[in-house]
Amino acid sequence: MAADFARRLIRWHRQHGRHGLPWQGSRDPYAVWLSEIMLQQTQVSSVIPYYQRFLGRFPDIATLAAASQDEVLAYWSGLGYYSRARNLHRSAQIMAEQHAAEFPREFEQILGLPGIGRSTAAAISAFAFGSRRAILDGNVKRVLARYLAVAGYPGEKKVEDELWRHAETLLPEAGIETYTQALMDLGATVCTRSKPDCASCPVSADCAANQQVRQAEFPQPRPRKALPEKATTMLLFMRQGEIFLERRPPAGIWGGLWSFPESDGTEDAQQHAGMRFGFEAGSLEARPAMQHVFTHFRLHISPLLIHVRRIQPRARQQEGVWLTVEEAMGAAIPAPVRRLLAGLGKP
DNA sequence: AAAGCGGGGAA
DNA sequence: TTCCCAGCTTT
């Protein structure tokens with residue numbers, strides 16, 4: 001069974017795998033390493049120009065190690081996840097100092113380099129040295145979860161461990177490079193996250209998810225973490241066609257951006273906020289509620305439009321500014337404030 | 001607009 | 001050990 005899986009993949013790869021990519025055909029571990037790092041969170045088409053430019057400027061470990069971090073980052077600029085570039089640079093310097101600028105062949109030593117985890121170390125070992133090592137990146141997790149109907153969320157340790165065991169078991173005795181490339185290619189082009197093309201899949205006949213027509217159920221998605229909910233009332237003080245904004249503290253949410261004064265929504269707090277600035281409130285008008293989702297919580301915003309009748313002359317205003325809506329739209333304001341301002345024109 | 005991604009570093 | 005984040009893509 002396991003042998004069939006690998007054999008079919010290898011056979012499939014000849015005709016349907018991705019060929020001719022700039023990093024294929026090279027066994028230079030440096031080139032293989034660079035491509036694997038660039039491909040970690042980035043798709044092939046974006047990587048290609050960066051890979052060629054980077055390799056042109058830093059053709060080997062010694063050159064990379066000798067370069068400044070600034071220049072390395074400049075060549076990475078636009079790819080994102082800049083810690084990858086910093087780790088790449090650090091690794092090159094480690095190799096220059098400790099391994100005579102040679103890329104280590106030993107799996108444990110490769111794994112020990114910064115920015116290289118178990119799967120990346122295995123991919124480099126397989127492609128550069130022909131070592132028989134299992135990989136398990138996001139694509140492979142999806143292929144195996146479906147092929148073997150592995151339940152649970154792969155981000156969970158228990159599930160990931162099970163997938164690693166399967167990955168090891170399915171390894172072929174020979175042809176590790178083609179097999180590894182085929183597995184990656186299958187996940188990227190056939191066994192895709194949505195709408196997998198099972199009709200074109202070389203292992204669909206004994207794929208558990210396909211047999212049960214449950215492709216969409218594997219791998220199980222990350223459990224939805226219930227976001228904490230927070231609520232605030234934004235006070236939109238308005239006077240003579242201008243609105244009042246104050247600058248937020250430099251750190252924290254919307255640090256340094258301009259926003260409306262806030263209150264907890266009680267009448268006392270609203271009055272207090274107005275008094276803080278010396279505003280004498282006229283009519284109040286609740287605006288439509290809205291919400292804004294952050295990475296770690298959901299914020300419910302109740303906007304309250306307050307027409308300011310009079311500003312007490314002694315009032316200090318160095319913490320805030322009065323701007324026309326148009327001026328405010330051009331200022332450094334967070335997205336929800338922008339939406340609120342945009343909605344002010346309409347009733 | 002939301003979820004995914006491989007490894008590092010914090011908790 | 002386990003949890004969370006980065007910064008861009010794809011759906």
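First the proteins, then the strands, lettered A, B, ... as listed; each starts at 1. Source: prediction; values computed, not measured.
Between the CG atom of A:L39 and the P atom of C:dT9 there is a distance of 14 Å, rounded to whole Å. Atom pair A:R84:CZ and C:dC5:P shows a separation of 19 Å (rounding to whole Å applied). One atom, CD of A:E36, and another, P of B:dG7, lie 10 Å apart when rounded to the nearest Å. A straight line from CD of A:Q41 to P of B:dC5 spans 10 Å, rounded to a whole angstrom. Rounded to whole Å, atom P of B:dC5 lies 14 Å from atom CE of A:M184. The distance from atom NZ of A:K158 to atom P of C:dC3 is 13 Å, rounded to the nearest whole Å.
Nearest approach of A:G115 to A:I37, heavy atoms of both residues: O-CD1, 3.6 Å.
Taking atom P in both C:dT9 and B:dG8, the straight-line distance is 22 Å, to the nearest Å.
Using a cut-off of 4.0 Å between Lys/Arg side-chain N and Asp/Glu carboxylate O, A:E106 and A:R133 are scored as not salt-bridged. The existence of a salt bridge linking A:K158 and A:D161 is excluded, since no basic side-chain nitrogen approaches an acidic carboxylate oxygen closer than 4.0 Å. Remark: A:R118 does not engage A:D137 in a salt bridge, criterion side-chain N to carboxylate O under 4.0 Å.
When distances run from any side-chain atom of A:R90 to the nucleotides B:dG4, B:dG9, C:dT10, the shortest one goes to B:dG9.
Contact check, A:T120 against B:dG7: a side-chain N or O comes under 4.0 Å of OP1 or OP2.
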